[in-house]
Amino acid sequence: MSEQTIHEKHSTLENILEQRKEKIKKIREMGINPFPYTFDVTHKSQDIKDKFDALEEKTVSVAGRLMAIRRMGKASFAHLQDTEGRIQLYISKNDIGEDSYAMFKLLDIGDIIGIKGIVMKTRTGETTVKASSLTLLTKTIRPLPIVKEKEGIVYDAFADKELRYRKRYLDLIVNPDVKEVFIKKAKITQATREFFSSHGYLEVETPILQPLYGGANARPFTTHHNSLDMDLYLRIADELYLKRLIVGGFDKVYEFSRNFRNEGMDKIHNPEFTAIEFYEAYVDYFYMMDFVEEYFRTIAKTMGNSTIEYQGETIDFSKPFARKPMVELFSEHLGIDISTYTEDDFAVLCKQKKFEFNPKWNYGQFLDKLFDEYIEPKLIQPTFVIDYPKAISPLAKVKRDGDERFVERFELYICGSEYVNAFSELNDPLDQRERLEKQDRLRVQGDEEAQAFDEDFIQAIETGMPPTGGVGIGFDRLIMLFTGQTSIKDVLFFPAMRSEKLS
RNA sequence: GGGUGUGUAGCUCAGCCUGGUAGAGCAGCGGCCUUUUAAGCCGUUGGUCGAAGGUUCGAAUCCUUCCACACUCACCA
């Protein structure tokens with residue numbers, strides 16, 4: 001590279017990269033390794049601000065990324081960003097020496113440095129580390145988006161959603177609120193583990209690559225194992241495997257299950273998402289309702305408040321959650337008693353309401369579709385909807401009162417969205433075989449979402465599964481709820497996107 | 001899949017309606033500056049205007065198609 005090219009002033013991205021590579025070269029020529037191995041950090045930015053009185057005039061070491069540089073000749077101010085926040089640096093030629101200051105002049109916003117210095121306040125009152133030495137920790141090549149802020153107003157915010165999702169690392173560096181969401185998510189994950197652990201649950205892992213997909217109704221992703229020469233499916237649910245573990249004698253198991261469903265994407269659907277599924281022997285869905293209620297209350301407490309604001313609603317987790325049979329909700333919200341309805345009655349109702357329907361729907365499908373349309377959006381405060389139609393619940397036990405149309409199943413609704421799905425699990429192997437055979441017939445007839453027949457699962461149930469309560473919680477949606485986010489993309493570090501063309 | 005909108009410099013945006021060959025701020029580059037903080041001041045570079053066609057003497061601007069993203073509806077536990 002000639003001197004001529006080095007001092008090229010063009011600020012195309014290409015030239016910016018070249019200039020920065022040239023700076024690395026110059027730094028090396030100064031006898032400095034721009035990529036050293038360690039740095040001894042004694043304090044985080046926030047510690048220093050919090051404990052200023054104790055630390056004033058004391059020496060500290062901080063490390064992080066340069067996020068602003070204000071050069072004033074022989075001295076400069078800068079802002080250093082570490083995991084906890086930002087702190088101002090004061091760097092003067094007198095203090096760090098001529099050589100270091102010359103190196104500092106080659107630094108850019110985004111570079112990672114370590115500073116050893118004395119804690120002080122500037123005359124405007126900002127806590128500042130006055131550098132006594134500066135160590136370059138990582139020289140960067142690629143420029144960062146420059147976001148500025150004054151008196152709480154953000155200028156030139158890095159707000160392009162596409163870029164933010166594609167280059168999440170930039171988003172995290174530049175938008176501190178984003179980091180907060182994921183820190184909260186980690187706290188909820190941890191609180192969840194503690195909750196299950198304290199209730200005697202064992203965390204387990206089951207196959208993500210499955211020879212048959214089941215446990216839910218959805219289209220799967222298909223893949224192929226070369227040496228076995230067999231097609232495999234990415235799991236749509238882990239339910240059937242967790243039940244095998246209950247059969248095997250584990251009484252309480254749970255799994256954070258990354259599930260994959262080959263379906264549409266929107267604000268609440270990502271092709272891969274996380275569910276918490278858990279199963280407990282010798283309990284039913286009534287027990288599980290109490291348990292789920294306690295879980296939500298625990299998470300709310302972890303997040304600091306028993307009430308939260310979400311999508312303009314105030315949700316109160318401290319009050320007992322409502323528990324209402326599906327049929328009852330039709331009376332409550334539509335003023336219609338459907339307890340004796342037949343398919344034909346539903347068809348008439350749909351016509352009256354100008355609600356599009358398929359005349360082939362069975363009782364359960366009518367109920368389900370009408371529920372989604374008319375009832376679901378009205379369930380704002382936490383509400384357990386109980387007793388679902390058997391036809392749409394092939395893995396749940398029929399109601400103990402003998403009404404064969406319904407199963408012991410509940411879903412938890414908050415703010416018009418579903419968060420939890422649970423059953424008194426079906427453990428009658430004859431009934432289970434029959435119902436999965438029915439699902440398989442539907443699948444063969446072209447219902448891509450019907451469940452495949454899993455003989456080994458049936459054999460497990462035949463081996464004897466104790467009475468069991470089972471629950472699935474939509475974990476991403478739960479995170480959205482407790483972090484105030486309205487898009488699943490904002491609670492996933494790397495949401496699914498079409499691949500971009502990289503130059 | 002339908003509808004609406006967006007796409008211009010590394011980043012944030014203006015210009016588009018009403019066609020005349022691209023503009024600002026930040027960042028960069030060259031200077032000045034030892035308590036600044038959206039630092040300031042002087043100077044300066046930087047663009048296949050998402051892509052491809054078309055209309056036109058002339059297209060960032062008008063038209064068509066395509067691509068990506070967002071919002072929304074539909075589908076989907």
Side-chain angles (χ1 to χ4, degrees), chain A residues 6-20 22-23 67-79 86-96 101 105 108-110 120-128 130 140-167 170 174 215-219 236-237 259 261-271 273 275 356 365 368-369 371-373 376 388 392-393 409 411 413 417-421 448-449 472 474 477 486-487 489 495 497-501:
Chain A
I6 291 158
H7 297 296
E8 192 77 60
K9 288 176 184 174
H10 304 302
S11 64
T12 57
L13 178 57
E14 201 181 323
N15 279 319
I16 289 171
L17 299 180
E18 275 312 314
Q19 280 162 4
R20 294 212 183 177
E22 191 52 35
K23 285 178 178 177
M67 295 304 285
I69 305 173
R70 296 180 287 281
R71 300 181 203 272
M72 298 170 304
K74 297 182 186 67
S76 301
F77 285 93
H79 270 105
R86 290 186 183 189
I87 188 153
Q88 183 169 259
L89 306 175
Y90 178 70
I91 297 162
S92 81
K93 200 174 188 173
N94 276 357
D95 297 325
I96 66 166
Y101 202 77
K105 280 184 169 174
D108 292 284
I109 287 171
M120 61 157 202
K121 269 205 167 118
T122 59
R123 66 179 180 201
T124 55
E126 181 164 353
T127 301
T128 300
K130 187 179 178 212
T140 61
I141 300 268
R142 201 167 279 274
L144 239 42
I146 307 294
V147 178
K148 301 224 173 185
E149 192 197 320
K150 187 187 185 182
E151 287 157 6
I153 300 161
V154 177
Y155 298 83
D156 299 343
F158 181 60
D160 184 300
K161 285 194 178 179
E162 181 176 358
L163 267 183
R164 285 185 46 221
Y165 296 143
R166 286 197 195 280
K167 305 224 177 282
L170 292 179
V174 145
N217 298 67
R219 280 193 283 167
I236 57 170
N259 296 332
R261 298 188 184 175
N262 206 340
E263 293 171 343
M265 294 163 61
D266 58 30
K267 285 180 103 168
I268 54 167
H269 295 91
N270 194 66
F273 67 99
E356 253 185 72
Q365 287 169 316
D368 191 41
K369 305 279 184 190
F371 177 83
D372 283 354
E373 176 72 16
E376 189 176 303
Y388 278 69
I392 57 165
S393 317
R409 170 179 180 179
E411 290 190 352
Y413 284 86
S417 282
E418 179 202 336
Y419 286 82
V420 179
N421 181 23
E448 285 185 282
E449 286 167 6
R477 291 186 194 174
T486 55
S487 170
K489 286 186 164 74
M497 296 190 95
R498 227 175 230 103
S499 53
E500 69 174 329
K501 283 178 194 157

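Just so it is clear, the structure is predicted and the values come from calculations on it, not from any experiment.
- Straight-line distance from the OH atom of A/Tyr101 to the P atom of B/U34: 9 Å, rounded to whole Å.
- With hydrogens and angles ignored, a donor-acceptor pair under 3.5 angstrom links the side chain of A/Asp266 to the base of B/C75.
- Here the nucleotide nearest the side chain of A/Ile146, chosen from B/C33, B/A27, B/C11, is B/A27.
- Of the candidates B/U34, B/G28, B/U36, the closest approach to any side-chain atom of A/Tyr90 belongs to B/U34.
- Remark: C1' of B/U12 and OH of A/Tyr155 are 13 Å apart, rounded to the nearest angstrom.
- The C1' atoms of B/A60 and B/U21 are separated by 10 Å, rounded to the nearest whole Å.
- Between A/Phe371 and A/Tyr388, the ring planes lie perpendicular to each other; the angle is over 60°, past the 30° to 60° tilted range.
- Counting atom types as modelled, A/Asp156 pairs a side-chain N or O with a base atom of B/G25 as donor and acceptor under 3.5 Å.
- Between A/Arg123 and B/U36, a side-chain N or O to OP1/OP2 separation shorter than 4.0 Å is present.
- Using a 4.0 Å heavy-atom cutoff across all strands shown, A/Ile153 reaches no nucleic acid atom at all.
- When heavy atoms are screened at a 4.0 angstrom cut-off, A/Glu149 is found touching the sugar-phosphate backbone but no base atom.
- Nucleic acid contact for A/Asn217: sugar-phosphate only, since backbone atoms but no base atoms lie under 4.0 Å from a heavy atom of the residue.
- Spacing between atom NZ of A/Lys74 and atom P of B/A39 amounts to 22 Å, rounded to whole angstrom units.
- A donor N or O paired with an acceptor N or O is found under 3.5 Å between the base of B/U45 and the side-chain atoms of A/Ser11.
- One P atom belongs to B/G47, the other to B/G3, and the distance between them is 37 Å to the nearest Å.
- Dashed line: the shortest gap from a side-chain N or O of A/Lys161 to OP1 or OP2 of B/C71 is under 4.0 Å.
- In this structure, A/Asp108 atom CG and B/C29 atom C1' are separated by 11 Å, rounded to whole Å.
- A distance of about 34 Å separates the P atoms of B/G40 and B/A51, rounded to the whole Å.
- Within the 4.0 angstrom heavy-atom criterion, no nucleotide atom of any strand lies near A/Glu151.
- The shortest distance between the side-chain N/O atoms of A/Lys121 and the OP1/OP2 oxygens of B/U35 is not below 4.0 Å.
- Within a 6.0 Å sphere centred on NZ of A/Lys23, heavy atoms belonging to other residues, nucleotides or ligands number more than 12.
- With both ends at atom P, the span from B/A27 to B/A68 equals 35 Å, rounded to whole Å.
- B/U61 and B/U6 are spaced 16 Å apart, taking the C1' atom of each and rounding to whole Å.
- Using C1' as the reference atom, B/G23 and B/C66 are 29 Å apart when rounded to the nearest Å.
- Residue contacts shown for A/Asn94 include a base, since a base heavy atom lies under 4.0 Å away.
- Taking only side-chain atoms of A/Met497, from C-beta outward, the nucleotide of B/C76, B/U35, B/A70 with the closest atom is B/A70.
- The phosphate of B/C73 (OP1 or OP2) has no side-chain N or O of A/Lys267 nearer than 4.0 angstrom.
- Distance noted for atom C1' between B/G28 and B/A70: 31 Å (whole Å).
- Between A/Arg166 and B/C69, a side-chain N or O to OP1/OP2 separation shorter than 4.0 Å is present.
- Side-chain N/O atoms of A/Lys148 include none lying less than 4.0 angstrom from OP1 or OP2 on B/U12.
- Summarising the geometry, the separation between NZ on A/Lys489 and P on B/C71 is reported as 7 Å, rounded to the nearest angstrom.
- Rounded to whole Å, the separation between the P atoms of B/C11 and B/U18 comes to 31 Å.
- Within 4.0 Å of A/Arg142, counting heavy atoms only, lies no atom of the nucleic acid at all.
- Residues satisfying the side-chain contact (heavy atoms from CB on, under 4.5 Å) criterion with A/Lys489, sequence neighbours excluded, are A/Tyr165, A/Met265, A/Ser487, A/Pro495.
- The side chain of A/Glu162 has B/A68 as its nearest neighbour among B/U36, B/A70, B/A68.
- Between B/A70, B/A38, B/A27, one nucleotide has an atom nearer to the side chain of A/Tyr165 than all others, and that is B/A70.
- Each of A/Pro143 and A/Arg70 was matched to the nucleotide of RNA chain B holding its nearest heavy atom; the match closer to the 5' end belongs to A/Pro143.
- Between the side chain of A/Glu126 and the base of B/U35, no donor-acceptor pair under 3.5 Å is found.
- When rounded to the nearest whole Å, the span between CD1 of A/Ile109 and P of B/U36 equals 19 Å.
- Put simply, NZ on A/Lys369 is 4 Å from P on B/C76, counting in whole angstrom units.
- Rounded to whole Å, atom C1' of B/C29 lies 15 Å from atom NZ of A/Lys105.
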